[in-house]
Q: 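Handing you a structure now.
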Number of protein chains: 2
Amino acid sequence: MLSQRNTTERPLELVIVEDDRRQRELLELLLNGTPGFYCRAAFPDAEALLAELPGLHPGLVLMDIDLGSGRNGVAAVAEIRARRPELPVVMLTVHEDSDYVFAALCAGAVGYLVKGIAPAELLAAVQDAASGGSPMSPQIARRVVQTFHVGPANPLTEREKEVLAQLCAGESYRSIAEALFISGHTVRSHIKNIYEKLHVHTRAEAVVKALKDRLIQ
Amino acid sequence: MLSQRNTTERPLELVIVEDDRRQRELLELLLNGTPGFYCRAAFPDAEALLAELPGLHPGLVLMDIDLGSGRNGVAAVAEIRARRPELPVVMLTVHEDSDYVFAALCAGAVGYLVKGIAPAELLAAVQDAASGGSPMSPQIARRVVQTFHVGPANPLTEREKEVLAQLCAGESYRSIAEALFISGHTVRSHIKNIYEKLHVHTRAEAVVKALKDRLIQ
DNA sequence: AAGTAAATCCTCCAAACGGGGGATTGGCGG
DNA sequence: CCGCCAATCCCCCGTTTGGAGGATTTACTT
């Protein structure tokens, strides 16, 4: 969605990794039977792909690794990314739990689709990913977006936010005092108030809270 | 994409915010002319919507605020979210720069579309958002996903990562020593090595780097 | 077998941190 | 007008941190 199918230019060359033989062949059939797509190779596991990768120059990898080798799928993405940073990898799995999703995205996957997706939508998503997009199944996209949502109430005053920002920069009381043109005593007062409002007792906790809850900037 | 159009159930009721009168009316026409959608109200600015919100119960807000009131658009999303946490807001603007995009997402927008989107795709995206998805234009989605990508090389050893995690938790040398069953001296050694590898000199900087570069977990 | 890296332990010491108090000013709302 | 809160300043004092050094053991690599 949100991008046109390309049928006139050179077809999109891709490789797939799918452990189930039947599904692998179905995927291959789907891709090779659709103008604009060309499945160069299909592997049952990531190791096989990594072994053949030097001789391949696909435009995209469709990675479908089911339970059992869960950790492997993420590691494989990282490995592919280390060798071909520009090669987009799209996950297509049954894992819908957050941990796996975010682990895959952190490892470098550009898209994440859950199985059960309709063939036409799969093709559109693949095209999207190859064109610089990041196709995600709706629930996945929502969860990703939600990681950006910030708690509405930020109890800190403007001045306190300024001080907190300096804390995050690792500045000392003295540097902060100089930067904000106030005395070190005042800095301490602000920091004490910040700690109280955030329910923390150390700089490190305050920094973590500031970053996680996006209290600054 | 990735979701079906719903024409049989009750139509999706939405309100739109769009400062340009012509575009506002075109949007209204498009929505009201499509089975499954119903545009309850259209406002020229966010303030007007907020004033009427108590009497409205839309299933989605389509927010299209162009340049000039940039900050206002983000603030409006935050305000809507504060009053109706469950009401999804989809941005539809010309702003493609990262700052604005992430500010909107942080404020609580569930989707982000750039103008120029085809009508059919807009409708699909709206339906997607209402069904729990997070429609994003391809370039936007990619940028969002890239914020998860982690630098491939993490120079820290396993033990150092454990210590760093404790640092992020705000633990003292002593607590860390007890938690990891080592002496405080050893903890200090690890921390010194961590600081050197990360090129930082304080706890706070190390914590920021750990979170930003996803060095832990 | 030698070399390297990681993990463990140690001392000395100055600087920074954080908890407990308290005080003054200015502004804003009831 | 009075109270509250943010912002500013100050004290005492124990704890924690981090820089600069050095040492040992284990384990992996060459």
Side-chain angles (χ1 to χ4, degrees), chain A residues 75 79 82 151-217, chain B residues 75 79 82 151-217:
Chain A
E79 184 61 30
N154 178 337
L156 302 183
T157 69
E158 279 310 308
R159 200 54 162 170
E160 285 164 353
K161 282 184 222 169
E162 287 178 41
V163 174
L164 183 54
Q166 299 278 326
L167 283 184
C168 290
E171 300 297 334
S172 68
Y173 288 179
R174 187 175 304 170
S175 318
I176 299 176
E178 286 165 9
L180 301 183
F181 306 107
I182 53 180
S183 86
H185 298 295
T186 308
V187 172
R188 284 213 52 209
S189 288
H190 285 311
I191 291 179
K192 279 195 269 197
N193 290 333
I194 291 170
Y195 285 2
E196 191 161 358
K197 287 183 180 177
L198 300 185
H199 309 295
V200 301
H201 304 280
T202 68
R203 229 184 159 89
E205 289 173 290
V207 169
V208 169
K209 210 150 197 137
L211 294 185
K212 289 217 167 143
D213 296 354
R214 293 199 160 65
L215 263 25
I216 52 174
Q217 291 148 21
Chain B
E79 184 61 31
N154 178 334
L156 301 183
T157 68
E158 279 311 308
R159 199 55 161 170
E160 284 163 354
K161 282 185 220 168
E162 288 178 42
V163 174
L164 183 54
Q166 300 278 327
L167 283 185
C168 290
E171 300 297 335
S172 68
Y173 288 179
R174 189 174 305 171
S175 321
I176 299 175
E178 284 164 12
L180 301 183
F181 306 108
I182 54 181
S183 85
H185 299 294
T186 307
V187 173
R188 288 213 49 212
S189 287
H190 285 311
I191 291 179
K192 280 193 272 194
N193 290 333
I194 290 171
Y195 286 1
E196 190 160 358
K197 287 183 180 178
L198 299 185
H199 308 297
V200 300
H201 304 281
T202 69
R203 229 183 158 90
E205 291 174 287
V207 169
V208 169
K209 208 149 197 136
L211 294 185
K212 290 217 167 143
D213 295 354
R214 296 202 156 62
L215 262 26
I216 53 173
Q217 293 155 15

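Just the heavy atoms: all of them, side chains too, but no hydrogens, waters or symmetry mates, feed the values below. All chains are named by letter (A, B, ...) in the order of the sequence lines, taking the proteins before the strands, and each is independently numbered beginning at 1.
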Q: Without decimals, in angstroms, what is the distance between Leu180(B) CG and dA7(C) P?
A: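 These atoms are roughly 11 Å apart.
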Q: Over how many whole Å does the gap from Glu178(B) atom CD to dT16(D) atom P extend?
A: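 Rounding to the nearest Å, CD of Glu178(B) and P of dT16(D) are 11 Å apart.
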Q: Does any non-hydrogen side-chain atom of Ile176(A) lie less than 4.5 Å from one of Leu167(A)?
A: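 Yes, close enough: below the 4.5 Å cut-off.
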Q: Take atom CG of Asn193(B) and atom C1' of dA7(C), then tell me their distance rounded to the nearest Å.
A: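 That distance rounds to 9 Å.
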Q: Please identify each residue that fulfils side-chain hydrogen bond (donor to acceptor under 3.5 Å, both in side chains) with Arg159(B), with sequence neighbours left out.
A: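 In terms of side-chain hydrogen bond (donor to acceptor under 3.5 Å, both in side chains), with neighbours along the sequence ignored, Arg159(B) is linked to Glu162(B).
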Q: Consider the side chain of Lys197(B), meaning its heavy atoms from C-beta on, and name the nucleotide among dT16(D), dC9(D), dA6(C) that approaches it most closely.
A: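 Per side-chain heavy atoms of Lys197(B), the pick is dA6(C).
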Q: Using a 4.0 Å heavy-atom cut-off across all strands, classify Thr186(A) as base, sugar-phosphate, or nothing.
A: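 Base, at least one base heavy atom under 4.0 Å.
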Q: Could you grab the distance from atom NE2 of His190(A) to atom CG of Leu180(A), nearest 0.5 Å is fine?
A: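 Atom-to-atom, His190(A):NE2 and Leu180(A):CG are 8.0 Å apart.
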Q: What residues, two or more places apart in sequence or in another chain, satisfy side-chain hydrogen bond (donor to acceptor under 3.5 Å, both in side chains) together with Ser189(A)?
A: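 Partners of Ser189(A) under the side-chain hydrogen bond (donor to acceptor under 3.5 Å, both in side chains) test: none.
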Q: Quick one: closest heavy-atom pair of Thr202(A) and Tyr195(A), and the distance?
A: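 So the two residues come closest at C-OH, 3.5 Å.
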Q: Could you work out how much the helix from dA1(C)-dT30(D) to dC28(C)-dG3(D) bends, comparing the axis of its first five pairs with that of its last five, to 10°?
A: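 Inter-axis angle at the termini of the helix from dA1(C)-dT30(D) to dC28(C)-dG3(D): 50°.
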Q: Going 5' to 3' along nucleotides 18-23 of chain C, which nucleotides have protein heavy atoms under 4.0 Å from the base (write B), which only from the sugar-phosphate (write S), and which from neither (write -)?
A: BBBB--
Q: For nucleotides 24-26 of chain C, give me every protein contact, N/O to N/O, under 3.5 Å, one pair per line with atom names.
A:
none

Q: Can you name the salt bridge (charged side-chain N to carboxylate O under 4.0 Å, His left out) partners of Glu205(B), sequence neighbours left out?
A: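 Glu205(B): no salt bridge (charged side-chain N to carboxylate O under 4.0 Å, His left out) contacts found.
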Q: Rounded to whole angstroms, how far apart are CD on Glu158(A) and P on dT8(D)?
A: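 Whole-Å distance recorded here is 12 Å.
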Q: Please report the shortest heavy-atom distance between Leu156(A) and Lys197(A), naming the atom on each side.
A: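 Minimum heavy-atom contact is CD2-CD, 3.8 Å.
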Q: What nucleotide among dA16(C), dC9(D), dA7(D) has an atom nearest to a side-chain atom of Ser183(A)?
A: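 In terms of side-chain proximity for Ser183(A), the closest of dA16(C), dC9(D), dA7(D) is dC9(D).
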Q: Please find the pair of heavy atoms, one from Ala204(A) and one from Gly170(B), that lie closest to each other, and give the distance.
A: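 Answer, listing the atom of Ala204(A) first, then Gly170(B): CB-CA, 3.8 Å.
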Q: Between atom CG in Leu156(B) and atom P in dA5(C), what is the gap in whole Å?
A: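 One finds 16 Å between P of dA5(C) and CG of Leu156(B), rounded.
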Q: Round to the nearest Å and state the distance from Ile182(A) atom CD1 to dA6(D) atom P.
A: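 One finds 15 Å between P of dA6(D) and CD1 of Ile182(A), rounded.
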Q: Between Gln166(A) (CD) and dC17(C) (C1'), how many Å, whole number?
A: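 Roughly 17 Å, once rounded to whole Å.
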Q: So, is His185(B) close to the dT11(C) phosphate, meaning a side-chain N or O under 4.0 Å from OP1 or OP2?
A: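 Checking dT11(C) against His185(B), a side-chain N or O does come within under 4.0 Å of OP1 or OP2.
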Q: Checking contacts here: which listed nucleotide (dC10(C), dT8(D), dA7(C)) is nearest the side-chain heavy atoms of His190(A)?
A: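 Minimum distance to the His190(A) side chain belongs to dT8(D).
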Q: I'd like to check the side chain to side chain contact (heavy atoms under 4.5 Å, CB included) partners of Ser175(A); sequence neighbours left out, ordered by chain and number.
A: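 If we apply the side chain to side chain contact (heavy atoms under 4.5 Å, CB included) test to Ser175(A), skipping adjacent residues, the hits are Glu171(A), Ser172(A).
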Q: Tell me the interatomic distance from Ile194(B), atom CD1, to dA6(C), atom P, rounded to whole angstroms.
A: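 Rounding to the nearest Å, CD1 of Ile194(B) and P of dA6(C) are 12 Å apart.
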